[in-house]
Structures are given as structure tokens and as C-alpha cells.
Amino acid sequence: MDMDKYDSVIELAKRRGYLWNSFEIYGGTAGFYDYGPLGAMLKRRVENIWRDIFVINEGYYEIEVPTIGIEDVFVASGHVGGFSDPLTECQKCHESFRADHLVEDVASNPDTLSSDELTAIIKDNNIRCPECEGGLGAVYEFNLMFSTKIGPGSKRVGYLRPETAQGMFVDFPRLLRFYREKLPFGVTQIGKAYRNEISPRQGVIRLREFTQAEAEIFVDPRDKSHPGFASIKEYAVLLYSDPAQSSGQDSVEISLGEAVEQGIIAHQFLAYAVALTHQFLLRVGVSPDRMRFRQHMKDEMAHYAVDCWDAEILSDRFGWVEIVGIADRTDYDLNAHSRVSKTDLSVYVEYAEPRVVERTVVKPNMGKIGPAFKGQAKAVIDALNSMDAKNLSGDAIIVNVGGEEVTLSPDMFEVQQLTETINGENIVPHVIEPSFGIDRIIYAVLEHAFREEDVEGEDEGRIVMGLKSEVAPIQAAVLPLLTRDELKGPAREIESALKQKGVMAAYDDSGTIGRRYRRNDEIGTPYSITVDYDTLEDGTVTIRDRESMKQVRSPVDTIADTVHALVHGHTRFEDAGTPIA
RNA sequence: GCGCCGAUAGUGUAGUGGUUAUCACCGUGGCUUGCCAAGCCAUGAACUCGGGUUCGAAUCCCGAUCGGCGCACCA
């Protein structure tokens with residue numbers, strides 16, 4: 001039997017309670033996965049590290065909005081129109097085609113036509129299957145969004161959100177006020193998103209329901225420098241730029257300071273997001289030498305985007321897989337929502353120095369114009385206002401009102417020279433968006449942590465989930481060396497001491513000590529605490545390190561603090577006790 | 001969605017148109033066990049689903065579902 005690494009990882013994940021196919025007792029459904037007890041714990045820990053970085057340290061507060069969105073939101077975002085394609089299927093060979101592409105030669109505006117219209121055009125023009133000349137079926141819309149109805153008997157359409165981002169754009173006015181109307185500011189959301197994929201495959205890599213962690217950072221379009229850029233200037237990452245891809249070159253390791261300077265990365269804010277992403281992925285356990293940042297090629301980038309970088313991880317079976325997208329989405333989303341909702345989504349930005357502007361204005365004298373033109377007065381004023389005041393002197397003016405020339409005598413208006421002080425202007429911010437596919441990241445963490453290795457002096461090797469202790473679901477196993485009451489008691493006490501410290505501990509006395517070590521290696525438990533007869537005499541226990549299989553002897557009365565410090569990286573294993581030969 | 005291939009205990013598997021479906025690991029209870037998947041006893045657990053052919057189907061046929069690969073689609 002040949003299992004590749006993907007098979008091995010998925011097999012272990014299934015067996016040990018990390019990942020399960022959903023709805024298994026009913027035969028399962030493609031594109032849905034359950035997180036088992038250990039998987040859910042791992043995912044939560046990964047999400048919390050993300051929160052630590054983006055929410056706590058960067059100050060991009062987290063919000064939570066409904067996973068169902070109303071139609072307007074996705075009309076504005078373009079998902080209603082752009083996320084769906086009119087398809088028609090050949091009745092003979094059952095190949096599917098884009099109906100709007102097939103009618104291009106006979107219809108002038110194919111993308112504006114409805115399914116029924118497209119069906120009619122195909123019929124009237126006798127358009128056949130391009131592959132086999134077979135007849136084509138009725139055109140139907142395939143939209144990747146799941147739709148639903150809001151309210152009983154209602155015709156109001158709702159969609160399960162295809163990304164978490166839109167909720168944050170929609171809340172922009174509230175957020176702006178929350179952040180006291182100053183750029184830049186950021187907001188985040190971790191939550192489910194849904195896409196009705198045509199044929200999801202590759203396990204957890206492509207799901208119909210998945211978890212995204214997204215940040216939307218609203219910045220001044222004229223200033224995309226980042227206040228913290230100096231701190232990451234020397235930070236080096238592996239970049240695979242558009243030019244490198246086009247010319248068949250390899251990715252290069254380069255400092256982010258240099259990357260921005262050389263124009264490889266468009267600006268500091270993107271580079272800063274790259275650094276944060278890199279730090280996050282390292283911290284959750286993605287292998288640094290199986291990670292790179294790939295720039296989107298010009299033609300794969302959304303038309304409005306300035307620059308876009310994907311964090312990719314190298315997987316054994318699928319090659320490089322995108323797990324994070326970092327994009328400058330410009331003002332596209334805010335403008336779109338502003339247009340559809342008819343709401344101003346701009347920020348008033350004060351100038352560093354107020355600007356003094358000379359301006360000529362014309363002020364109508366209503367006391368004269370009103371009686372003179374009566375019902376027409378409003379149109380006259382509009383016409384007057386539309387004129388360039390600079391060209392006016394004190395003479396009579398002739399304006400055009402509804403094709404009729406009207407003369408305004410000098411006493412009907414006044415031309416004034418004004419000196420105005422302008423303190424700022426309204427701008428629509430640009431959006432920097434790092435978007436994380438949490439499920440893919442979980443897979444990357446599992447695959448990169450997984451290893452099979454030989455053990456010195458033994459026939460049988462071991463399987464190790466080398467998870468970082470910060471993400472490991474079970475952080476410490478507590479094991480009585482032998483299944484005897486006098487050892488079980490103290491072990492139980494250690495277990496509860498650890499739990500009180502917030503360390504996820506699991507007591508285990510089944511089988512032999514060796515078996516328990518191996519079982520914990522496989523689920524990724526970083527430390528095992530073993531109670532033996534010396535514990536009863538001298539008050540020490542054994543701490544075993546998963547990675548090295550080495551052991552130290554450590555006092556039992558401080559064991560909870562010691563293990564807590566180990567798990568959170570405050571103590572090195574060698575310093576946790578006295579080594580055992 | 002199309003094409004090819006596959007589906008047997010929790011996991012990995014053997015096998016067959018006809019008795020009680022193989023093996024290993026695994027789980028559980030017990031004995032044993034002084035630090036890396038030891039041993040012993042007992043015990044638990046499967047032919048993906050639906051239809052057809054047949055005296056008889058887990059085995060053959062058809063369909064569905066799920067999974068893998070290729071094509072198409074894809075943030």
C-alpha cells in the first residue's frame with residue numbers, strides 16, 4: 001500500500017479526532033468537514049494566535065456580522081453579477097459552456113441578457129455545441145453563492161456570504177466613528193463563509209463552508225506608508241514576484257525594506273501585512289522553508305487591485321497552495337457600496353496646514369429675481385450657479401433657461417471675491433486586505449508537523465505530530481508510570497493543578513508507558529509528566545519532551561508553573577529540571 | 001459537471017456466487033508491567049446505499065453517494 005503524505009496526514013487526522021468528513025453516517029457530502037475534538041481545539045488556538053497578532057497587537061478590533069447577507073450587499077460587491085455564470089449544457093456530450101460566450105457573435109451585449117433571452121437567442125440562431133454539434137439545453141444561472149429566503153413567504157432573497165469582507169465594508173460609517181474619524185484604522189472578522197463549489201476536492205483545501213480570518217485596513221490613498229515599517233525593514237521573506245514568474249526565475253529571499261525600495265512590493269502597508277502574515281504562519285507552525293509569497297500576475301489580479309500577494313505553502317501532494325491573500329483593493333468596495341446604498345463612505349481628512357483659497361462667487365438677489373421671474377426663478381438661479389463666476393463682471397448677464405435667453409440686470413446679483421480657509425477634504429480610503437483561509441492553514445500546520453522517524457535502538461519507529469506547543473490541543477499528558485493506585489492519586493492531583501493553571505492536560509493510565517508516549521507523540525502533545533515511586537519519596541516527576549524524547553526531573557510542587565512556562569515558551573526544556581541520563 | 005479508477009470493523013487490509021467474512025493494529029475490562037507501541041486472558045467492531053440478475057449477491061450488472069486522478073471551474 002502506498003500512502004503519500006496527504007493520505008497519512010488525513011488518516012491520522014481522522015483516526016485521532018482532528019478532521020472528519022461531515023454527515024458520515026448519511027454517506028457524507030463533498031466539500032464539508034467536521035473538526036473533531038482535537039481539530040476544533042487546534043483551530044481555536046490558531047485563531048487565537050491570529051487574534052493576538054491582528055486584534056491585540058495591531059489594534060484591529062474584531063467585529064461579527066451575520067453570515068447571511070441581503071441581496072443589495074452582494075449586488076454592490078459584484079457577487080450577484082460576477083460570481084455567477086450563465087451555463088448551457090450540450091444534450092449530447094453533456095459538456096457545459098458559458099452561454100454568454102456562445103452568443104457573442106450574434107448578440108451585442110451578451111452579459112446583460114437574462115437566461116431566458118440567452119436560451120431564445122441560442123434557439124433562434126441554431127447555435128450548436130462547439131465540441132460535438134449537439135443541441136444545447138436551456139440556459140441557467142450558476143451562482144457560487146448559496147441563496148435563501150428571508151422571512152416567511154417572502155420574496156426577499158438572502159445569500160450566505162461568500163467572504164467575510166463585505167460585512168466590514170458595510171459597517172464602514174459606524175467603524176469610522178468608532179475610530180474617531182482618523183485614518184488609518186483596521187477591523188477584523190473571523191467567521192464562516194460559503195461557496196457552492198461545482199466540484200470541491202482535495203479535502204479541506206477546497207470547502208463549501210470554510211473559515212476566513214480577514215482584516216480590512218482603511219488607509220489614506222495618498223499615504224500608504226506604515227508607521228511601524230521601520231521595525232520590519234530588515235525582516236526577510238521569500239518573494240516570488242510577477243517578473244520572476246514571467247521570466248521563469250526562482251523566488252528570492254529579500255528584506256521587506258528592500259522589496260519596497262525596489263518597487264517589488266507596491267508600498268509599505270502591503271509589506272507590513274506580509275511581515276505580519278509571515279510571523280503568524282511561523283508561530284502556528286508552518287515550515288519556513290515550505291512557505292513563500294507569490295505576487296499575482298497582472299492578468300490574474302482583480303481589475304481594481306493595485307498589488308496582490310499570496311502566502312503559499314508547499315504541500316506534498318498539491319504543490320504550492322494559496323493559504324493567505326494580501327491585496328490592496330483600493331477604494332473599489334467602498335465606492336461600490338456608496339453607489340448602491342446612496343451613502344457617503346468618505347472620510348474628512350484635515351490638511352496639515354489649512355489652505356487659503358481665493359474664490360469668486362455670484363450671489364443672487366432673491367428679492368429681485370423672485371418677483372421678476374416667478375415660477376421660473378428656480379431655473380434661473382440654477383443657470384446662474386452653473387456659470388463660472390470668474391468670467392462675470394458687474395454687467396448684465398444673459399443666461400439660458402430651457403432654451404430661452406433671459407437677461408439678468410446688475411441689481412439682481414452680486415459678484416463677490418471670497419477668501420476661504422479650507423481645512424481638509426473628503427476622501428474615500430483605500431483598503432488593504434489580508435485574508436486568511438483558516439482551514440487551509442490548519443491543513444498546512446498538520447502536514448508540516450507530521451513526520452515518521454526511526455527511533456534509536458528500536459525496530460518500530462514513531463509517528464510524530466510536531467505541533468508547536470502553543471497550538472497543540474493537549475498540552476501535557478499526565479501519566480502514572482504503572483497503573484497502581486498509589487501512583488494514580490498523585491497523577492490526578494497534577495492533572496488538576498495543570499488545569500487550574502489553564503494548561504490543557506490529559507490523564508492517561510491505559511496500557512504501558514511506552515504506548516502512552518507514542519500515542520501522545522501522534523496527537524502532538526508536547527510534554528508528558530510521569531509519576532513514579534521516586535515521586536512519592538523525593539517529590540519530583542519526569543517531564544518528557546516530545547521532540548527530543550529526552551527527560552528531566554522536576555519538583556512536583558512547582559510542576560504546573562513549570563509546564564505552563566514550557567508550553568508558552570518562557571522556559572527552555574533543558575532548564576525545566578535535572579536531566580536524566 | 002464530464003471521463004477513468006476505487007469503496008470490507010475505529011484504522012490499514014485479505015478474501016469468496018453458497019457454513020460462523022481473514023489478519024494486524026485499535027478500543028474496553030482484568031492480570032502483568034520500574035520510562036519509550038512488551039506479554040497473557042476476556043471482550044467489542046465491517047462487506048457504502050438503492051435497484052436488478054439468481055434457488056442464493058458482500059461478490060455479477062445498473063444507478064446513486066463518497067473518495068482519488070485527468071479535464072472544466074476555482075478566492
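Both backbone and side-chain heavy atoms feed into the values below; hydrogens, waters and symmetry mates do not. Naming: A, B, ... by sequence-line order, numbering from 1 per chain.
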Colleague: Let me know, please, whether A:Gly461 or A:Phe32 comes out on the 5' side of the other along RNA chain B by nearest nucleotide.
Modeller: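 Its nucleotide being nearer the 5' end, the pick is A:Gly461.
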Colleague: Using 4.0 Å as the upper bound for N to carboxylate O, is an ion pair formed by A:Arg492 and A:Asp509?
Modeller: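 Salt bridge: no.
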Colleague: Taking atom P in both B:U43 and B:A38, what distance in whole Å separates the two?
Modeller: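 B:U43 and B:A38 have their P atoms separated by 22 Å.
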Colleague: Going by purine N1 to pyrimidine N3 plus the second Watson-Crick contact, or the G-U wobble pair, all under 3.5 Å, which nucleotide sits opposite B:G44?
Modeller: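 For B:G44, the partner nucleotide comes out as B:C26, under the 3.5 Å rule.
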Colleague: Which part of the nucleic acid, if any, lies within reach of A:Leu481 when heavy atoms closer than 4.0 Å are counted: base, sugar-phosphate only, or nothing?
Modeller: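 Here A:Leu481 touches the bases of the nucleic acid.
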Colleague: Please pick, from B:G34, B:U11, B:U28, the nucleotide with the shortest atom-to-atom distance to any side-chain atom of A:Glu11.
Modeller: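 Between B:G34, B:U11, B:U28, the one nearest the side chain of A:Glu11 would be B:U11.
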Colleague: If you pin A:Arg440 and A:Arg208 to their nearest nucleotides in RNA chain B, which one's is more 5'?
Modeller: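 Per heavy-atom nearest nucleotide, the more 5' residue is A:Arg208.
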Colleague: For the pair A:Tyr33 and A:Tyr443, evaluate ring-ring contact (aromatic ring centres under 6.0 Å, His included) and give the outcome as yes or no after the intermediate values.
Modeller: CA-CA 12 Å; A:Tyr33 263 85; A:Tyr443 177 73; 9.8 Å; no
Colleague: Can you check the distance between B:U33 and B:C40, where both ends of the measurement are the C1' atom (answer in whole Å)?
Modeller: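 Those two atoms are separated by 12 Å.
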Colleague: Using a 4.0 Å heavy-atom cut-off across all strands, classify A:Gly437 as base, sugar-phosphate, or nothing.
Modeller: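 Since no nucleic acid heavy atom lies under 4.0 Å of A:Gly437, the category is nothing.
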Colleague: Suppose you measure atom P in B:A57 against the same atom in B:G17; what distance do you get, rounded to whole Å?
Modeller: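 These two P atoms come out 15 Å apart once rounded.
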Colleague: Base, sugar-phosphate, or nothing: which does A:Arg546 touch, judged by heavy atoms less than 4.0 Å apart?
Modeller: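 Nothing: the residue A:Arg546, judged by heavy atoms under 4.0 Å, touches no strand.
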Colleague: NA contact type, A:Arg462, heavy-atom cut-off 4.0 Å: base, sugar-phosphate, or nothing?
Modeller: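 No contact at all - A:Arg462 keeps every heavy atom at 4.0 Å or more from the nucleic acid.
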Colleague: Could you tell me whether a side-chain N or O of A:Gln475 sits under 3.5 Å from a main-chain N or O of A:Val567, the two making a donor and an acceptor?
Modeller: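 Side chain of A:Gln475 to backbone of A:Val567: no pair is present.
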Colleague: Counting only distance, no hydrogens or angles, is the base of B:C36 paired donor-acceptor with the side chain of A:Asp521 under 3.5 Å?
Modeller: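 Under the 3.5 Å cut-off, the side chain and the base do not form any donor-acceptor pair.
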Colleague: Taking only the side-chain nitrogens and oxygens of A:Tyr26, find out if one of them lies under 4.0 Å from OP1 or OP2 of B:C66.
Modeller: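 The answer is no; no side-chain N or O of A:Tyr26 sits under 4.0 Å from OP1 or OP2.
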Colleague: Give A:Ser435 one of three labels, base, sugar-phosphate or nothing, depending on what nucleic acid heavy atoms sit under 4.0 Å from its own.
Modeller: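 No contact.
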Colleague: Relative to the ring of A:Phe146, is the ring of A:Tyr194 parallel (under 30°), tilted (30 to 60°) or perpendicular (over 60°)?
Modeller: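 Rings of A:Tyr194 and A:Phe146: perpendicular, as their planes differ by over 60°.
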Colleague: OP1, OP2 of B:A38 versus side-chain N and O of A:Arg515: anything below 4.0 Å?
Modeller: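 It does, given that an N or O in the side chain of A:Arg515 lies less than 4.0 Å from OP1 or OP2 of B:A38.
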Colleague: Identify the nucleotide, in any strand shown, that forms a Watson-Crick or G-U wobble pair with B:C55, with both distances under 3.5 Å; if there is none, say none.
Modeller: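 Across any shown strand, B:C55 pairs with B:G18.
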Colleague: Side chain of A:Arg484 only, heavy atoms from C-beta on: which candidate in B:C35, B:G3, B:U33 is closest?
Modeller: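 It is B:U33.
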Colleague: Of the nucleotides B:G67, B:C69, B:C35, which one has an atom closest to the side chain of A:Phe318?
Modeller: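 Ranking B:G67, B:C69, B:C35 by closest atom to the A:Phe318 side chain puts B:C69 first.
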Colleague: Going by purine N1 to pyrimidine N3 plus the second Watson-Crick contact, or the G-U wobble pair, all under 3.5 Å, which nucleotide sits opposite B:A38?
Modeller: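 Here B:A38 is not engaged in any pair, so there is no nucleotide opposite it.
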Colleague: Please measure how far the P atom in B:A58 lies from the corresponding atom in B:G50, and state the result in whole Å.
Modeller: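 Going atom to atom, P in each nucleotide, I get 10 Å.
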Colleague: Out of B:C36, B:C66, B:U33, which nucleotide sits closest to the side chain of A:Arg518?
Modeller: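 Per side-chain heavy atoms of A:Arg518, the pick is B:C36.
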Colleague: Would you say A:Thr530 places a side-chain N or O within less than 4.0 Å of OP1 or OP2 belonging to B:C35?
Modeller: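 So the side-chain polar atoms of A:Thr530 never come under 4.0 Å of the phosphate oxygens OP1 or OP2 of B:C35.
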Colleague: Determine yes or no for a side-chain-to-main-chain donor-acceptor pair under 3.5 angstrom, with A:Gln245 supplying the side chain and A:Gln295 the backbone.
Modeller: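 Indeed, once roles are kept as given, a pair shorter than 3.5 Å links the two residues.
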Colleague: With no angle test and no hydrogens, is the base of B:C73 tied to the side chain of A:Ser199 by a donor-acceptor pair under 3.5 Å?
Modeller: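 When only heavy-atom distances are counted, A:Ser199 does not reach the base of B:C73 through any donor-acceptor pair under 3.5 Å.
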Colleague: Please measure how far the P atom in B:U48 lies from the corresponding atom in B:A7, and state the result in whole Å.
Modeller: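 The same atom, P, in both gives a distance of 9 Å.
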Colleague: Please name the pair of heavy atoms, one in A:Thr525 and one in A:Ala477, separated by the smallest distance, quoted to 0.1 Å.
Modeller: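 Smallest heavy-atom distance, with atoms named: CG2-N, 3.6 Å.
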Colleague: Test for a donor-acceptor pair under 3.5 Å between the base of B:C73 and the side chain of A:Arg206, counting only N and O atoms.
Modeller: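 Answer is yes: a donor-acceptor pair is held.
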Colleague: Considering only atom C1', compute the distance from B:U22 to B:A14 and round it to an integer number of Å.
Modeller: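 Pairwise C1' distance, B:U22 against B:A14, rounds to 5 Å.
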Colleague: A:Arg201 has an atom CZ; how far is it from atom P of B:C69, in whole Å?
Modeller: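 Atom CZ in A:Arg201 sits about 7 Å away from atom P in B:C69.
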Colleague: Take atom P in B:C60 and the same atom in B:G67, then report the distance between them in whole Å.
Modeller: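 It comes out at 23 Å once rounded to the nearest Å.
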Colleague: Determine the interplanar angle of the A:Phe280 and A:Phe436 rings, folded into 0 to 90°, and report it as parallel if under 30°, tilted if 30 to 60°, perpendicular if over 60°.
Modeller: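 Ring orientation, 0 to 90° scale: perpendicular.
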Colleague: Flag the pair A:Glu495 and A:Lys488 as a salt bridge only when some basic side-chain nitrogen lies within less than 4.0 angstrom of an acidic carboxylate oxygen.
Modeller: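 Looking at A:Lys488 together with A:Glu495, the answer is no, because their closest N to O distance does not fall below 4.0 Å.
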Colleague: Nearest of B:G67, B:A75, B:C36 to any side-chain atom of A:Glu197?
Modeller: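 Among the listed nucleotides, the one closest to the side chain of A:Glu197 is B:A75.
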Colleague: Among B:A75, B:G68, B:G27, which is the nearest nucleotide to the side chain of A:Tyr6?
Modeller: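 Nearest to the side-chain atoms of A:Tyr6, counting from C-beta on, is B:G68.
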Colleague: Students often get this wrong, so: under 4.0 angstrom with heavy atoms, is A:Gln202 touching a base, only sugar-phosphate, or nothing?
Modeller: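 Sugar-phosphate: the residue A:Gln202, judged by heavy atoms under 4.0 Å, touches backbone atoms but no base.
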Colleague: For B:C4, which nucleotide is its Watson-Crick or G-U wobble mate, given both distances must be under 3.5 Å?
Modeller: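 Paired with B:G68.
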Colleague: So which nucleotide does B:U13 pair with, by the Watson-Crick or G-U wobble rule with both distances under 3.5 Å?
Modeller: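 No nucleotide pairs with B:U13.
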Colleague: Look at the side chain of A:Thr512 and decide which nucleotide, out of B:G1, B:U33, B:C35, has an atom nearest to it.
Modeller: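 Shortest atom-to-atom distance from the side chain points to B:U33.
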Colleague: Please determine if a side-chain N or O atom of A:Arg317 lies less than 4.0 Å away from the OP1 or OP2 oxygen of B:G67.
Modeller: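 It does not, given that no N or O in the side chain of A:Arg317 lies less than 4.0 Å from OP1 or OP2 of B:G67.
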Colleague: Using atom P in both nucleotides, what's the gap between B:C26 and B:G12 to the nearest angstrom?
Modeller: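 Going atom to atom, P in each nucleotide, I get 15 Å.
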Colleague: Quick one: A:Trp20 CH2 to B:U11 C1', roughly how many Å, whole number?
Modeller: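 These atoms are roughly 14 Å apart.
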Colleague: Report yes or no: is there a donor-acceptor pair, N or O only, under 3.5 Å between the side chain of A:Gln551 and the base of B:C35?
Modeller: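 Side chain to base: pair found, below 3.5 Å.
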Colleague: With both distances under 3.5 angstrom, what nucleotide forms a Watson-Crick or G-U wobble pair with B:G50?
Modeller: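 Result: B:C62.
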Colleague: Remember a base hit wins even if backbone is also touched, and classify A:Gly325 as base, sugar-phosphate or nothing at under 4.0 Å, heavy atoms.
Modeller: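 Nothing, no heavy atom under 4.0 Å.
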Colleague: Just call it for A:Gln212: base, sugar-phosphate, or nothing, with non-hydrogen atoms closer than 4.0 Å on any strand.
Modeller: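 Result for A:Gln212 = nothing.
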Colleague: Looking only at the side chain of A:Lys14 (C-beta and beyond, no hydrogens), which of the listed nucleotides B:A37, B:U11, B:A75 gets closest?
Modeller: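 Looking only at heavy atoms from C-beta outward on A:Lys14, the closest nucleotide is B:U11.
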Colleague: Suppose we define a pair by two distances each less than 3.5 Å, Watson-Crick or G-U wobble; what does B:A75 pair with here?
Modeller: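 Partner of B:A75: none found under 3.5 Å.
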Colleague: Closest approach to the side chain of A:Asp534, judged atom by atom: which nucleotide of B:C2, B:G34, B:C36 is it?
Modeller: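 Nucleotide nearest to A:Asp534's side chain: B:G34.
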Colleague: Check whether any side-chain N or O of A:Arg516 sits under 3.5 Å from a backbone N or O of A:Pro480 as a donor-acceptor pair, and report yes or no.
Modeller: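 Answer holds: yes.
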Colleague: May I have the distance from A:Asp7 (atom CG) to B:G68 (atom P), rounded to whole angstrom?
Modeller: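 One finds 9 Å between P of B:G68 and CG of A:Asp7, rounded.
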Colleague: Check if the side chain of A:Arg16 and the base of B:G10 share a donor-acceptor pair of N or O atoms closer than 3.5 Å.
Modeller: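 It does not, because no donor-acceptor pair links the side chain of A:Arg16 to the base of B:G10 below 3.5 Å.
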Colleague: Mark yes or no for a side-chain to base donor-acceptor pair under 3.5 Å between A:Arg195 and B:C74, with no hydrogen or angle criteria applied.
Modeller: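 Side chain to base: no pair present.
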